[in-house]
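Remember, it's a predicted structure, so these values are computed and weren't measured experimentally. Lettering of chains follows the sequences in order, A, B, ..., and the numbering in each one begins at 1.
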Protein chains: 2
Amino acid sequence: MKQSIKVSVDAVVFGYDPDEGISILLIKRKFEPFQKFWALPGGLVKDDESLEEAVRRELQEEAGIDVNYLEQLYSFGKPERDPRNRVISIAYFGLVRPADYQLSAQTDAEDVAWFSIKKLPRLAFDHKVILDTAIKRLRGKIAYEPIGFELLDKKFPFSDLEKLYQILLDQEIDRRNFKKKIISYGFLEELDEVIQKKSGRPARLFQFNKKKYFELKEKGYNFDIFF
Amino acid sequence: MKQSIKVSVDAVVFGYDPDEGISILLIKRKFEPFQKFWALPGGLVKDDESLEEAVRRELQEEAGIDVNYLEQLYSFGKPERDPRNRVISIAYFGLVRPADYQLSAQTDAEDVAWFSIKKLPRLAFDHKVILDTAIKRLRGKIAYEPIGFELLDKKFPFSDLEKLYQILLDQEIDRRNFKKKIISYGFLEELDEVIQKKSGRPARLFQFNKKKYFELKEKGYNFDIFF
DNA sequence: CCAAAAGTGTTGTTGTTACACCCATGC
DNA sequence: GCATGGGTGTAACAACAACACTTTTGG
């Protein structure tokens, strides 16, 4: 059987800033179709690279960014999703830490930028569908896996985590109960350092201990944050 | 850029029988490579069909089966997974009801059969990896979505459900607590009919009310069964 | 009357929610 | 000394886990 289907990868990369909220990385297309539309970074897979390698390469080429967490999201394969010819796309889901987030925000003038998920431009192809799938995944996943930490600095004040959950779950969270619950899991380390971002009392810094988390997970612990 | 990657779909289809446990559907390969090895049903996607259409077509062609639940599982794309040329496979996850399960078990003599997940043959390509991914998904998913019902007859005695969960979670479950919890969700209907499978007291039949389930889900109910 | 499977409640323990005041800093 | 954000405990309530005997049928 003769088959003429092309294979591409696309990445939905999330960044977070306690003031800006959740953003995603988009690039502006140079060529037709959808010239000058904003689109997810991505492109055709090379014959000799794995899917994940392809995503990382494209992110490097198109946005100069290194994601800190990457997982496969879903594959999109409707025959009509690309007007030229059939392309199936394997979409990935990525998270970057604030350091990278800030960095790429500088490249602003070019054709790569962060967009708050609250005010998104029209996207090329079916990228809106892909994006919506990714947002759903992020919202769902944060409740039962501690991936939130991948969006924060290695050392962060507790309030950053708190705000992240409030934004993602889109609801008020009781500060005391939230802290009690997170601390009770035992994979957070409280440091002696403090930081003062704006006014007010300086905050102690915390860090996520991945090793401890995996140990606890082995023992059949299960993380879940529902309020 | 010239790309020569082929796109296929593969299906991991689960069946269940309270006595046999969980089985999956395999076909025996007629041609090289991996001639005479057992493999997941699947094949190349046609240029004008969607991915899901491709899976359903292949399952119909290769096993004469109609799955009752189907979702995308994961895409496997390592460059070396097919010895001939590069093929990326989009794997699907399916569940069939006992009626279909019995039916295909008749076709036994041919090159399609059910295998208990406890004693599997060596599989072609990387199908073992795909299968393991699917089993993990099934185990994980059954705890927070009521997909277990898709593996049972439309009307079933409560003990069938009980056994299904015990097998999948691989642990004893307290019958009273389990029933209390499931009933409390309110999406099961108790019928006036009874059934007697072996010896012992006949059992009342139940059925899953999908509509009620979706209503409850809308209201922000969340199903979860952990013990 | 025995074997086999179905049906059924209560209680102690644990986890979850609701709630408000003081503390450390910069200006 | 005031504005800003950080830090902390307790009590009522809800959910979960542990537990065993009775009922209906067939042989």
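Not counting sequence neighbours, A:Y144 has no partner by the ring-ring contact (aromatic ring centres under 6.0 Å, His included) test. Take A:F156 and apply the ring-ring contact (aromatic ring centres under 6.0 Å, His included) test, not counting sequence neighbours, and it matches A:F149. Partners of A:Y69 according to the ring-ring contact (aromatic ring centres under 6.0 Å, His included) rule, which considers only residues two or more places apart in sequence or in another chain, do not exist here. Residues satisfying the side chain to side chain donor-acceptor pair (under 3.5 Å) test with A:R137, not counting sequence neighbours, are A:E71. Annotation: ring-ring contact (aromatic ring centres under 6.0 Å, His included) contacts of A:Y74 (sequence neighbours excluded): A:F76.
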Going 5' to 3' along nucleotides 19-27 of chain C, which nucleotides have protein heavy atoms under 4.0 Å from the base (write B), which only from the sugar-phosphate (write S), and which from neither (write -)? BB--BBBS-
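Checking B:E190 against A:D224, the closest nucleotide of DNA chain C that is more toward the 5' end is the one next to B:E190.
Rounded to a whole Å, the OH atom of A:Y185 is 11 Å from the C1' atom of C:dG15. Remark: P of C:dG15 and CD1 of A:I183 are 17 Å apart, rounded to the nearest angstrom. Per the geometry, CG belonging to A:N222 stands 12 Å off P belonging to C:dG15, to the nearest Å. Here C:dA18 presents its P atom at 12 Å from CD of A:E172, a figure rounded to the nearest Å.
Between B:K155 and B:E193 there is a salt bridge, since a side-chain N of the basic residue sits under 4.0 Å from a carboxylate O of the acidic one. A salt bridge does not link A:E62 with A:R29: none of the charged nitrogens is closer than 4.0 Å to a carboxylate oxygen. Using a 4.0 Å cut-off between charged nitrogen and carboxylate oxygen, B:E61 and B:R57 count as a salt-bridge pair.
Residues of residues 149-171 of chain A that place a heavy atom closer than 4.0 Å to DNA chain D, in numerical order, are A:S159.
Chain B approaches DNA chain D over the interval D:dC16 to D:dG26, counting the first and last nucleotide 5' to 3' with an atom under 4.0 Å from its heavy atoms.
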Report all side-chain donor-acceptor pairs from residues 165-176 of chain B shorter than 3.5 Å, counting only partners two or more places apart or in another chain.
unit_1 : atom_1 : unit_2 : atom_2 : d
B:Y165 : OH     : B:I142 : O      : 3.0
B:Q166 : OE1    : B:I173 : N      : 3.3
B:D174 : OD1    : B:R176 : N      : 3.0
B:D174 : OD1    : B:N177 : N      : 2.8

Taking only distance into account, with no hydrogens and no angle test, what donor-acceptor pairs under 3.5 Å do side-chain atoms of residues 121-130 of chain B form with protein atoms, sequence neighbours excluded?
unit_1 : atom_1 : unit_2 : atom_2 : d
B:D126 : OD1    : B:R81  : NE     : 3.3
B:D126 : OD1    : B:R81  : NH2    : 3.0
B:D126 : OD2    : B:R81  : NE     : 2.7
B:H127 : ND1    : B:L40  : N      : 3.0
B:K128 : NZ     : B:D132 : OD1    : 3.1
B:K128 : NZ     : B:D132 : OD2    : 3.1

For residues 10-19 of chain B, which side-chain donor-acceptor pairs fall under 3.5 Å, sequence neighbours excluded?
unit_1 : atom_1 : unit_2 : atom_2 : d
B:D10  : OD2    : B:S89  : OG     : 2.6
B:Y16  : OH     : B:D160 : O      : 3.1
B:Y16  : OH     : B:L164 : N      : 3.1
B:D17  : OD1    : B:D19  : N      : 2.8
B:D17  : OD1    : B:E20  : N      : 3.1
B:D19  : OD1    : B:K198 : NZ     : 3.1

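Between the two ends of the helix from C:dC1-D:dG27 to C:dC27-D:dG1, each summarised by a five-pair axis, the helix axis turns through 0° (rounded to 10 degrees).
Proximity of a side-chain donor or acceptor of A:R97 to a complementary backbone N or O of A:L152 within less than 3.5 Å is detected.
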Are A:S116 and A:S23 close enough, and set up right, to give a side-chain hydrogen bond (donor to acceptor under 3.5 Å, both in side chains), and what steps lead you there? CA-CA 4 Å; A:S116 161; A:S23 302; 5.3 Å; no
